[in-house]
Amino acid sequence: MVLPQEIIAKKCAGQTLSEIDIGLFVDGLMSSNFNDAQVGAMAMAIFLQGLNKQETVYLTNAMMKSGKVLSWGKVKNTDGLLLNGPILDKHSTGGVGDKVSFMLAAIIAACGGYVPMISGRGLGHTGGTADKLESIAGFNVQPKLEQFQRIVADLGMAIISQTPELAPADRRLYAIRDVTATVASIPLITASILSKKLAAGLDVLVMDIKVGNGALMTELDQARALAKNITTVANNAGVNTQAIITDMNQVLGNTAGNALEINETVKYLTGKLREPRLHKVVVSLAKAMLINSQLAADEKSAFFQIDRALASGKAAEIFAKMISALGGPNDLLEKPWRSMNKAEVIIDVLAPCHGYINTMNTRDIGLSVVSLGGGRTSNDQIIDHSVGFDCILPIGTKVNKGDVLARVHASSKLNAELASQQYIKALVFSDVSVPEAKVIYRF
Ligand code: URA
């Protein structure tokens, strides 16, 4: 019997772990054979010494197999028909104002794909897709897996939160990494994300690797290394995977906060407002998903299909049906605020000077949403979905003193004023114009 401390010592000394060592660690995560201190020590050993490709594959596979692995071959829709398209998904490494999953899944479903999206909660300063969906009264992010699969078969998409049945070993490891400063490790992030994605039984995956001051990876070379690691491991595991590196040096879209982001999604899907940077990210990810799954033969066909999915209203209709199939209202698109709470207090954030918005400390804006109550500072905290920022002006905008930079939505006047001050502090203004900020980086 190999003791946990022997496996930890091996990694601490920079040695390579065998498949058996890693299997014992993952079994230990499930059975508590590794106690919390030992899991933390192991996470730190990996954080400091790294894992090679083969070890990362072993960890990914063992964590994937710690729970159910979905298969789609025998899943039928309500009419008794088997799926007639590819199973595909995207995963983002997280950011502020990142509501891409909603529009993207709906577009892909409208183009004939099936998107079983298992999303995360907010983490640190970043928002979580599952939290955003819970802004909607009645929406159930934890349906039974059979119901989830049936909705995907009927509509082409469903978005839920991670369930205890899928990659449970990652749930425990992730919770311990979160409090032991071991999140930002490329092999651990790779295994964590891919164990969940591979458990969903995908044919095609597109990774949105965020880079910038609001992302997990703040530097481009780190983002590229993560992108390379994830694509190598996932492609080796048989899932056609591409990574796209996108900018997170400013809030994506013009809202940050749970219900506000759902409202922006509704505006996007119904064509009322499509913030250009957000649209660019949605289109590049959608294009990659359509081409890699052979739903589109080339870029031209992919653009045509994306455009048609939005212009015809089909993507919006699928999203609305998914909301009601999972317990939400039937009229989210028509009356979003009928089923979401509005904040008590809304105030304008006013520009303190003339000039151009030069930089935005995106992480601090995300933390400000958390301080307003829109994210968690402890695991079991109940969040206030109504709070956050909207009408956010992008980097490069020219403003005069007193112009509205954004609006704060808060539960009290005091909180609103504090958040307004934090928002102003997060911006740097310049006298000269700013070159157009990049949205997609070359990988
Ligand atoms: N998202 C995950 O699911 N896991 C990580 O480790 C980081 C981001």
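All residue numbers refer to positions in the sequence shown, counting from 1. Whatever order the structure lists ligands and atoms in, that order sets their numbers, starting from 1.
In this structure, T241 and K197 have side chains that are not in contact, with every pair of non-hydrogen atoms separated by 4.5 Å or more.
Around atom CG of L82, more than 12 heavy atoms belonging to other residues, nucleotides or ligands sit under 6.0 Å away. Within 6.0 Å of NZ on K10 lie more than 12 heavy atoms contributed by other residues, nucleotides or ligands.
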Which pairs of nitrogen or oxygen atoms, taken one from ligand 1 and one from the protein, are under 3.5 angstrom apart?
| unit_1 | atom_1 | unit_2 | atom_2 | d |
| --- | --- | --- | --- | --- |
| ligand 1 | 3 (O) | K196 | NZ | 2.5 |
| ligand 1 | 4 (N) | S192 | OG | 2.7 |
| ligand 1 | 6 (O) | R177 | NH1 | 3.0 |
| ligand 1 | 6 (O) | R177 | NH2 | 2.9 |
| ligand 1 | 6 (O) | S192 | OG | 3.4 |

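By the salt bridge (Lys or Arg N to Asp or Glu O under 4.0 Å) test, R172 pairs with D36, sequence neighbours left out.
At least one test fails for K11 against the ring of F25: distance under 6.0 Å to the centre or angle within 45° of the axis.
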Could you go through E134 and N258, starting from their C-alpha distance and side-chain angles, then the distance that decides it, and tell me whether this counts as side-chain contact (heavy atoms from CB on, under 4.5 Å)?
CA-CA 8 Å; E134 281 187 336; N258 298 293; over 6 Å; no
